[in-house]
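The structure under discussion appears below in the form of structure tokens.
First the proteins, then the strands, lettered A, B, ... as listed; each starts at 1.
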Number of protein chains: 2
Amino acid sequence: MLIVSRTDDQANCKVIPMSSTDPTRPLYYLLKHAQLRLGELIAAALAPHGLDGRELAVLVVLDGDELASQQQAAARLGIDRTTMVAFLDTLEDKGLVVRRPHAEDRRKNVVELTATGRDTVRAATAAADEAERQFLSQLTNPVRQQLSDALHALLR
Amino acid sequence: MLIVSRTDDQANCKVIPMSSTDPTRPLYYLLKHAQLRLGELIAAALAPHGLDGRELAVLVVLDGDELASQQQAAARLGIDRTTMVAFLDTLEDKGLVVRRPHAEDRRKNVVELTATGRDTVRAATAAADEAERQFLSQLTNPVRQQLSDALHALLR
DNA sequence: TATTGTTATACTCTATAACTATA
DNA sequence: TATAGTTATAGAGTATAACAATA
């Protein structure tokens with residue numbers, strides 16, 4: 001299957017073609033399908049925690065550095081402030097974060113994780129890590145390391 | 001930047017977080033960003049040919065095996081038949097393909113590449129291959145091979 | 001009645017523009 | 001006047017449902 005769809009959950013990216021007879025597929029195809037498979041594993045691992053990968057990413061950012069406002073968090077995540085509103089609405093409904101007015105500038109919201117939110121981040125991150133370990137378990141240790149090294153080098 | 005956006009051209013996939021201080025990023029992050037970078041290179045390489053990666057994928061499928069109908073081609077590409085209609089409208093407007101009624105079953109369309117279409121596929125594929133070569137040129141030959149091998153193993 | 005291509009429609013995700021409240 | 005958060009709206013992309021032609 002040459003996945004072309006952009007938004008389907010199983011196929012949400014552009015693709016360039018592969019020839020199914022050729023045992024050596026284009027790199028873009030390999031990267032895409034590897035990401036797709038791992039993404040499915042991670043999604044399955046996160047589902048019991050009531051999160052998807054993007055929500056976890058938001059939680060991790062909020063759990064990390066002290067962020068003065070929603071907008072700062074949105075900038076860190078590369079999403080629009082209006083999109084951040086929707087994320088926070090969802091996460092607040094789930095009882096994982098709370099919004100409080102900033103002490104000095106009441107236009108701003110300080111977003112904090114609840115105790116449940118912190119527990120969820122911990123558990124969900126562990127689950128995602130485990131999914132990654134499982135995915136990589138098909139490879140020998142040295143090959144695993146080479147894969148990571150090569151990808152890091154490409155992104156340098 | 002922890003890219004979370006799903007549809008932005010520079011960031012059209014789900015993500016799980018990375019810690020920017022940690023030199024070892026999660027595999028999902030690495031795969032995603034490698035794909036993103038390569039995708040940009042490929043897009044730039046294809047632009048002079050008036051195509052994006054997905055249109056090239058459609059053309060390659062149409063250029064390959066003899067496909068009896070639009071729907072068969074759509075199935076090969078993992079897209080809906082209604083989406084295929086839109087792709088073919090675009091490609092036909094560009095003069096790269098033609099639709100003809102099937103000789104034996106007049107409900108079906110046989111889709112064929114024009115001479116221009118065939119030339120374009122050849123040139124665009126070469127351009128995409130060159131972009132991939134350029135992207136991989138940062139790696140030594142053995143590391144390149146290890147990357148490819150590891151990804152193939154993961155998708156086995 | 002079923003199937004192919006097509007069109008109309010609805011849905012999802014996200015950004016832009018407009019509104020409010022603060023500054 | 002400018003900025004943070006919010007809401008309303010519009011756009012892109014894709015699927016589902018409905019329709020016409022053919023089998």
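- Residue B:Glu130 holds its CD atom at 9.0 Å from OG of B:Ser137, rounded to the nearest 0.5 Å.
- If you measure from atom CZ of B:Phe87 to atom P of C:dT6, you get 15 Å, rounded to the nearest angstrom.
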Step by step, work out the side chain to side chain contact (heavy atoms under 4.5 Å, CB included) result for A:Met84 and A:Leu77. CA-CA 9 Å; A:Met84 177 58 91; A:Leu77 288 157; 3.5 Å; yes

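- Taking atom CE of A:Met84 as the reference point, atom C1' of D:dG5 lies 12 Å away to the nearest angstrom.
- The separation between A:Asp52 atom CG and C:dT12 atom C1' is 13 Å, rounded to whole Å.
- Each of A:Val58, A:Thr116, A:Thr114, A:Leu59 was scored for a side chain to side chain contact (heavy atoms under 4.5 Å, CB included) with A:Val97, with one residue passing: A:Leu59.
- Between the side chain of A:Glu132 and the backbone N or O of B:Leu27 there is at least one donor-acceptor pair closer than 3.5 Å.
- Rounded to a whole Å, the CG atom of A:Asp89 is 12 Å from the P atom of D:dA8.
- We find that B:Asp105 and B:Arg107 are joined by a salt bridge, their nearest charged nitrogen and carboxylate oxygen being less than 4.0 Å apart.
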Residue pair A:Leu147, B:Leu154: steps toward the side chain to side chain contact (heavy atoms under 4.5 Å, CB included) verdict: CA-CA 11 Å; A:Leu147 172 63; B:Leu154 285 175; 3.8 Å; yes

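- In this model, the phosphate group of C:dT20 is not approached by any side-chain N or O of A:Arg106 to a distance below 4.0 Å at OP1 or OP2.
- Protein atom CG of A:Asp80 is 16 Å distant from nucleotide atom P of D:dA8, rounded to whole Å.
- Separation of atoms CD1 (B:Ile42) and CZ (B:Arg37) is listed at 14.0 Å; rounding is to 0.5 Å.
- Across D:dA15, D:dT6, D:dG13, the shortest atom-to-atom separation from the side chain of B:Thr82 is found for D:dA15.
- The distance from atom CG of A:Leu88 to atom P of C:dT14 is 14 Å, rounded to the nearest whole Å.
- Between the side chains of B:Gln145 and B:Asp149, at least one donor N or O sits under 3.5 Å from an acceptor N or O.
- Annotation: the terminal axes of the helix from C:dT1-D:dA23 to C:dA23-D:dT1 meet at 30°, where each axis is the rotation carrying the C1' atoms of four end pairs onto the next four (5 pairs per end, rounded to 10°).
- Each of A:Ile79 and A:Glu104 was assigned the nucleotide of DNA chain C with the nearest heavy atom; the assignment lying further toward the 5' end belongs to A:Ile79.
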Check the interface with nucleotides 2-5 of chain C: list each N/O to N/O pair with the protein under 3.5 Å, or write none.
from, atom 1, to, atom 2, distance (Å)
C:dT3, O4', B:Arg107, NH1, 3.2
C:dT3, O2, B:Arg107, NH1, 3.2
C:dT4, OP2, B:Gln71, NE2, 3.4
C:dT4, O5', B:Gln71, NE2, 3.4
C:dG5, OP1, B:Gln70, N, 2.8
C:dG5, OP1, B:Asn109, N, 3.1
C:dG5, OP2, B:Gln71, N, 3.0
C:dG5, O3', B:Asn109, ND2, 3.3
C:dG5, N7, B:Arg81, NH1, 2.9

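- Interatomic distance, B:His49 NE2 to B:Leu96 CG, rounded to the nearest 0.5 Å: 12.0 Å.
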